[in-house]
Protein chains: 4
Amino acid sequence: MNKRSGIESKKRILDAAMRIFSEYGYAKANMRMIAKSAGISIGGLYLYFKNKEDLCLTLMKSRMNDFADKTMEAVRDISDPAEAIDIFIEMNLNYAKRHKELILVQGREHGFTFGLEMKKKFFGKQRGVIEGIILRGIQAGTFRKVNVKEAAKVIFSIIRGFILSIVVEADSLFSPAECSDLILKGLLRRNVK
Amino acid sequence: MNKRSGIESKKRILDAAMRIFSEYGYAKANMRMIAKSAGISIGGLYLYFKNKEDLCLTLMKSRMNDFADKTMEAVRDISDPAEAIDIFIEMNLNYAKRHKELILVQGREHGFTFGLEMKKKFFGKQRGVIEGIILRGIQAGTFRKVNVKEAAKVIFSIIRGFILSIVVEADSLFSPAECSDLILKGLLRRNVK
Amino acid sequence: MNKRSGIESKKRILDAAMRIFSEYGYAKANMRMIAKSAGISIGGLYLYFKNKEDLCLTLMKSRMNDFADKTMEAVRDISDPAEAIDIFIEMNLNYAKRHKELILVQGREHGFTFGLEMKKKFFGKQRGVIEGIILRGIQAGTFRKVNVKEAAKVIFSIIRGFILSIVVEADSLFSPAECSDLILKGLLRRNVK
Amino acid sequence: MNKRSGIESKKRILDAAMRIFSEYGYAKANMRMIAKSAGISIGGLYLYFKNKEDLCLTLMKSRMNDFADKTMEAVRDISDPAEAIDIFIEMNLNYAKRHKELILVQGREHGFTFGLEMKKKFFGKQRGVIEGIILRGIQAGTFRKVNVKEAAKVIFSIIRGFILSIVVEADSLFSPAECSDLILKGLLRRNVK
DNA sequence: TATGAATGAGGGTTCATTCAT
DNA sequence: CATGAATGAACCCTCATTCAT
């Protein structure tokens, strides 16, 4: 009976859950694995989390908050909106690349309804950041007058789609630079005088 | 003991599997449900499919092919590349909207490795279509000289991300027109004379 | 995989459940024991009964009906009400004696609320039989004009209390004759002229 | 670390156990509940009671003794045996009504063998009281010469059965008066001259 | 080709009990 | 005297798969 502080144990469990859910997915992961990986007994898991779902949801929430904080921070102080977009995308993709497991855990369970509200909130926040950048770009005259909400949705979708490629097909050859380039300049040729 | 042709039975099972997997997801769906929904016995399922995984994979393959055919067909005969992009996106999103279940079934199981090769092939085909359009656009002088592969990836990612929004958050308010607009013209203001 | 008819299996399970619940009580009995005793697999239990509670309740219902039928039958054709009371009591107690397990299974679970409605119905029926006898006795002038419902309750309570003694304290020395005697004649001395 | 005297703590635990066992029954009640209700730690429980069974048995013993004392006291000084019977029944039923939980706790666990000896002793004492009353009644010429032991058993059974009705079916409409009436006078019509 | 009763390993969860503090 | 984190065996139940019919 190894005595540890409650916080210490909770952290160990969350870390173990991260490892196990990442490797096996929610459905195939089982509480015994997580307990073993956390160096705790099965019963111990239930001291800190109501059940498997609670454990997974708590994990997702905590990791999502970390993720959101890190990405938001990255664009806060950049004045050039084009550069901000650039960096936001790059940060996102790189972060995703380094934390594939995170996205894996968020994967669909129960037809995606699992932790839906939490995800919506997170996604909403991310979109908000992009909207802010676009708005500043328009106000500064750098960007043309697009529909801010829609444009943000599109950019957010690119990121989301890219992340899926990284996670699902392990396509690590994405190019943030080319991506920004397309978003900023579009496909059409300019000054076709 | 309902006598039916093998093909008929197989089709009935696949349709039932579609319904059940869509509603419950792979993990929660069980063979009894599928059998009942198909109006066949549990044992009968195993006459046509080796096991649950085989059934699901076969289903995904068949539906993906249908999906690919329908979307590709839609852009074949459009000469204006900008319009082709436009239509390709619209078709994709609308198709996704009408066939949410399809994407649900493709959701991650076993850490996304489930049917991975099949998916890669499908995604590759889709990206190929976009590449074709862009190439024609560049050759025609309509599009500027972008990195074709990367641009196709970006556009494909947008679609993928949008589909996720539709399926996961039931965000049906996407605007294909605004999306195409951004892709075609980009964010930056032009002719800054 | 021993094939048996569904009805045969169900019966085997109910008999096994009777044995196990009787010996261990509801809480201590476990499904594995019942399965083993029935010569069936654990999963097999769940083909016929939704869960442990359903199995126990079904068992109680079936055994109660048998019990009720047998006891009621016994008094149907007896014309002398005093004799009918006599026999009803005797039959009840003897039946209880021979089927201790039955009452054991009915024992309190979940604060007696377990199968409460079923029990109430059964008890109501039993009380009804006694009421019928008393009524006939009064109409025939054999019995004095007592409150029929209350008197039936009292007699039913005697039986119930006696059965408890038999089951709990294994007091098999009850005397149905003395019991009837008291009920029929009462304690008070008569004709105290 | 609340400092309390041992006796105080023990009493608090017993009271909590009463509440919890009454509400949930022995099997569903758990030590955590009792500890919480007693305002003590789980480990603290084991300072005063060897284990769950010991706690429950101790509780039953203590409450039974209280119960026995109160009921016995009630008939001690009544000279008319008919009235004593009357009052003994009434007291018993009313007491049961006010202390349903007590009987609930005594409910069967482990096939009634739980605390059996203790119960037998308690029941024996109660029957003894009734025997005493009947004996005095016979000696006084008020009662006819019945088999004292058997008559006491019958009366005790009535009470027991009635209590079951109260506890199990929540039948609070019992009538002690009618009950005594039947016991005293019996069913048969008298002076059929 | 078709059935569906049967299997049994393995899942999530509970809880009496212990013991380092 | 008192705590409460930790244990782990054992519970109920599920379900992919098999096979005698």
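Letters A, B, ... are given to chains in the order of the sequence lines, protein chains preceding strands, and every chain is numbered from 1.
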Engineer: Write down the distance between CD1 (A:Ile20) and C1' (E:dG12), rounded to a whole number of angstrom.
Structural biologist: 16 Å
Engineer: A:Phe49 CZ to F:dA5 C1': how many Å, rounded?
Structural biologist: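 It works out to 14 Å between those atoms.
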Engineer: Without decimals, in angstroms, what is the distance between B:Lys36 NZ and E:dT3 P?
Structural biologist: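 The distance from NZ of B:Lys36 to P of E:dT3 comes to 15 Å, rounded to the nearest Å.
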Engineer: Could you pull out all residues at least two apart from D:Lys11 that satisfy salt bridge (Lys or Arg N to Asp or Glu O under 4.0 Å)?
Structural biologist: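 Counting only residues at least two positions away or on another chain, D:Lys11 forms a salt bridge (Lys or Arg N to Asp or Glu O under 4.0 Å) with D:Asp15.
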Engineer: Determine yes or no for a side-chain-to-main-chain donor-acceptor pair under 3.5 angstrom, with C:Lys28 supplying the side chain and C:Phe21 the backbone.
Structural biologist: no
Engineer: As a test of reading the structure: which of F:dA2, E:dA6, F:dT7 is closest to the side chain of A:Ser41, going by heavy atoms?
Structural biologist: F:dT7
Engineer: For a quick test of reading the model: is some side-chain N or O of D:Ser9 closer than 4.0 Å to OP1 or OP2 of F:dA2?
Structural biologist: yes
Engineer: Under a 3.5 Å distance rule, please check whether B:Lys36 uses its side chain to pair with a backbone N or O of B:Ser41 as donor and acceptor.
Structural biologist: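 Side chain of B:Lys36 to backbone of B:Ser41, a donor-acceptor pair under 3.5 Å: no, none is there.
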Engineer: Could you list the residues that satisfy salt bridge (Lys or Arg N to Asp or Glu O under 4.0 Å) with A:Asp54, not counting sequence neighbours?
Structural biologist: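 So A:Asp54 forms no salt bridge (Lys or Arg N to Asp or Glu O under 4.0 Å) with any residue.
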Engineer: Round to a whole Å and report the spacing from CG of A:Asp54 to P of E:dG12.
Structural biologist: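 Distance, rounded to whole Å: 14 Å.
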Engineer: Sugar-phosphate atoms are those with a prime plus P, OP1 and OP2; base atoms are the rest. Using that split, label each nucleotide of nucleotides 10-17 of chain F B, S or - for protein heavy atoms under 4.0 Å, 5' to 3'.
Structural biologist: BSSBBBSB
Engineer: Return the value, rounded to whole Å, for the distance between atom OH of D:Tyr24 and atom P of E:dC15.
Structural biologist: 11 Å
Engineer: Among residues at least two apart in sequence or on other chains, which ones pass side-chain contact (heavy atoms from CB on, under 4.5 Å) with D:Lys61?
Structural biologist: D:Asn65, D:Met118
Engineer: List the residues meeting side-chain contact (heavy atoms from CB on, under 4.5 Å) with A:Leu14, not counting sequence neighbours, and say none if there are none.
Structural biologist: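 With neighbours one apart ignored, the set is A:Phe49, A:Leu55, A:Thr58, A:Leu59.
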Engineer: In this structure, how many angstroms lie between the P atom of E:dA20 and the CD atom of A:Glu8, rounded?
Structural biologist: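 So the two atoms are 19 Å apart, to the nearest Å.
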Engineer: Determine yes or no for a side-chain-to-main-chain donor-acceptor pair under 3.5 angstrom, with B:Arg32 supplying the side chain and B:Ile42 the backbone.
Structural biologist: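 No; judged by distance alone, with no hydrogens or angles, the pair does not exist.
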Engineer: For DNA chain E, which consecutive runs of 3 or more Watson-Crick or G-U pairs (each distance under 3.5 Å) count as stems?
Structural biologist: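 Ordered by first number, the stems with DNA chain E (at least 3 consecutive pairs each) read E:2-21 with F:2-21.
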Engineer: Whole angstrom is fine here: how far is it from CD1 in A:Ile40 over to C1' in F:dG4?
Structural biologist: 13 Å
Engineer: Report the distance from atom CZ of A:Arg12 to atom P of F:dA5, rounded to the nearest whole Å.
Structural biologist: 16 Å
Engineer: Mark yes or no: A:Lys52 above the aromatic ring of A:Tyr46, with NZ or CZ under 6.0 Å from the six-membered ring centre and no more than 45 degrees from the axis.
Structural biologist: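 Judged by the rule, A:Lys52 and A:Tyr46 form no cation-pi pair.
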Engineer: Treating A:Ser22 as the side-chain partner and A:Met18 as the backbone partner, does any N or O pair qualify as donor plus acceptor under 3.5 Å?
Structural biologist: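 Yes; judged by distance alone, with no hydrogens or angles, the pair exists.
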